[in-house]
Number of protein chains: 2
Amino acid sequence: MKRNSRLSAVLHALMHMAEREMPMTSDDLALCLDTNAVVVRRTMAGLRDAGIVQSGRGHGGGWHFAKPLSDISLLDIYNALGEPIVFQIGPATEMPGCVVEKSVNRVIGDALKDAEAILMARFAGTTLADLAADFRVAAKHCRADTG
Amino acid sequence: MKRNSRLSAVLHALMHMAEREMPMTSDDLALCLDTNAVVVRRTMAGLRDAGIVQSGRGHGGGWHFAKPLSDISLLDIYNALGEPIVFQIGPATEMPGCVVEKSVNRVIGDALKDAEAILMARFAGTTLADLAADFRVAAKHCRADTG
DNA sequence: TTTTCATGTAACAATAATAGTTACGAATCG
DNA sequence: CGATTCGTAACTATTATTGTTACATGAAAA
């Protein structure tokens with residue numbers, strides 16, 4: 001099964017935005033992410049609704065941050081994407097009548113819940129400023145930051 | 001995005017098998033799981049190759065365990081299903097040229113790896129015998145174990 | 001040995017989720 | 001006004017999974 005890369009993709013986009021003074025257009029970002037401008041708008045719409053970025057139309061328009069990078073956690077972004085599903089694996093039936101199935105769902109579900117909590121805590125503790133700092137250290141060693 | 005329920009489904013099937021003396025046919029299991037016999041065979045084939053279950057053809061044939069329930073961990077089953085992907089979310093590109101993307105992939109990837117380790121440890125520490133015991137306790141309170 | 005039952009597997013159709021594309025309306029700036 | 005840029009709907013393309021049909025293979029029973 002293929003993995004959903006929207007979180008990675010949008011972080012990639014945001015980091016490129018963080019490196020610029022001026023707003024970036026959907027076309028600019030689409031180039032970075034090797035995709036389509038409409039796809040970019042679709043994804044960024046969630047972040048705009050969550051107050052993470054703002055968009056402007058017309059000349060000089062495009063996307064820019066609505067608040068400091070240090071005020072934006074990965075969890076904020078994850079939630080803004082509207083995909084609160086972390087795991088591919090999950091229960092077969094939400095409301096099983098079979099006692100066997102109920103039992104299986106509970107055991108698996110508990111394990112997944114714990115792992116998810118770990119992940120969310122990690123996301124909550126990492127801000128875009130952290131990510132940008134991490135990137136700048138890496139960029140210092142290798143200057144080929146196109147793409 | 002929809003979740004993959006093959007692990008839950010196959011555990012459900014195995015627990016029903018655990019409750020019986022005789023082998024269960026693919027049709028029997030398909031009824032339990034509300035699916036098709038061919039789908040059952042497809043899924044169980046992985047477990048057979050992994051030495052977890054055995055299949056017999058002809059009269060009195062069907063599926064049965066190849067070893068004690070206490071010797072089969074959830075991790076064994078998870079691996080036998082041949083889907084070592086836990087998370088829906090993942091990197092956009094495996095081999096990114098862009099330094100920004102590399103950095104993003106590493107941060108996200110590390111967090112996912114840690115959460116996955118937690119989950120796998122939990123799976124490794126739970127056997128089918130544990131699951132069966134859990135089920136029998138639940139069944140004692142409510143006797144309606146069809147499905 | 002013939003019949004019946006059951007798995008093994010290939011091939012194909014059905015379903016569903018995601019991503020990509022086109023088109024056009026609305027807003028903004030010069 | 002005209003160029004630019006987002007907003008969004010509608011449609012197509014792609015891909016993954018699941019369900020179905022069909023038939024070959026093997027094993028036990030009659």
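Lettering of chains follows the sequences in order, A, B, ..., and the numbering in each one begins at 1.
Axis angle across the helix from C/dT1-D/dA30 to C/dG30-D/dC1, with five pairs used at each end and values rounded to 10°: 0°.
Taking atom CG of residue A/D27 and atom P of nucleotide D/dA3, one finds them 17 Å apart after rounding to whole Å. B/L31 places its CG atom 15 Å from the C1' atom of D/dG19, with the value rounded to the nearest Å. Put simply, CZ on A/R6 is 10 Å from C1' on C/dA19, counting in whole angstrom units. The separation between B/R48 atom CZ and C/dA6 atom P is 17 Å, rounded to whole Å. One atom, CE of B/M44, and another, P of C/dA6, lie 15 Å apart when rounded to the nearest Å. Taking atom CH2 on B/W63 and atom P on C/dA6, their separation rounds to 14 Å, with Å as the unit. Straight-line distance from the CD atom of A/Q54 to the C1' atom of D/dC6: 14 Å, rounded to whole Å. C/dT18 atom C1' lies 16 Å from atom CG of A/L33, rounded to whole Å.
Closest approach of A/L131 to A/L11, counting heavy atoms only: CD2-CD2, 4.2 Å. Nearest heavy-atom pair across B/D134 and A/S103 is OD1-OG, 2.5 Å. For A/L119 against B/A115, the heavy-atom pair with the smallest separation is CB-CB, 4.1 Å. Taking all atoms of both residues into account, the shortest heavy-atom contact from B/A50 to B/A80 is CB-CB, 3.7 Å.
Taking the side chain to side chain contact (heavy atoms under 4.5 Å, CB included) definition, one finds that B/D114 meets it with A/R122, sequence neighbours left out. B/A117 pairs by the side chain to side chain contact (heavy atoms under 4.5 Å, CB included) definition with nothing, not counting sequence neighbours. Residues that satisfy the side chain to side chain contact (heavy atoms under 4.5 Å, CB included) test with B/A129, not counting sequence neighbours, are B/L69, B/S70, B/T127.
The side chain of B/S26 places no N or O atom within less than 4.0 Å of a non-bridging phosphate oxygen (OP1 or OP2) of C/dA6. Contact annotation: B/S55 side-chain N/O to C/dG8 OP1/OP2 distance is under 4.0 Å.
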### Summary
Reading nucleotides 20-30 of chain D from 5' to 3' and marking B where a protein heavy atom lies under 4.0 Å of the base, S where only the sugar-phosphate is that close, and - otherwise, the string is BB---BBBBS-

For residues 21-29 of chain A, tabulate all N or O donor-acceptor pairs below 3.5 Å that involve a side-chain atom, not counting sequence neighbours.
residue	atom	partner	partner atom	Å
A/T25	OG1	A/D27	N	3.4
A/T25	OG1	A/D28	N	3.1
A/T25	OG1	A/D28	OD1	3.4
A/T25	OG1	A/D28	OD2	3.3
A/S26	OG	A/R41	NE	3.4
A/S26	OG	A/W63	NE1	3.0
A/D28	OD2	A/T25	N	3.1

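Note: the hydrophobic cluster containing B/M120 also contains A/V104 (ILVMFWY, side chain heavy atoms under 4.5 Å, direct or indirect links).
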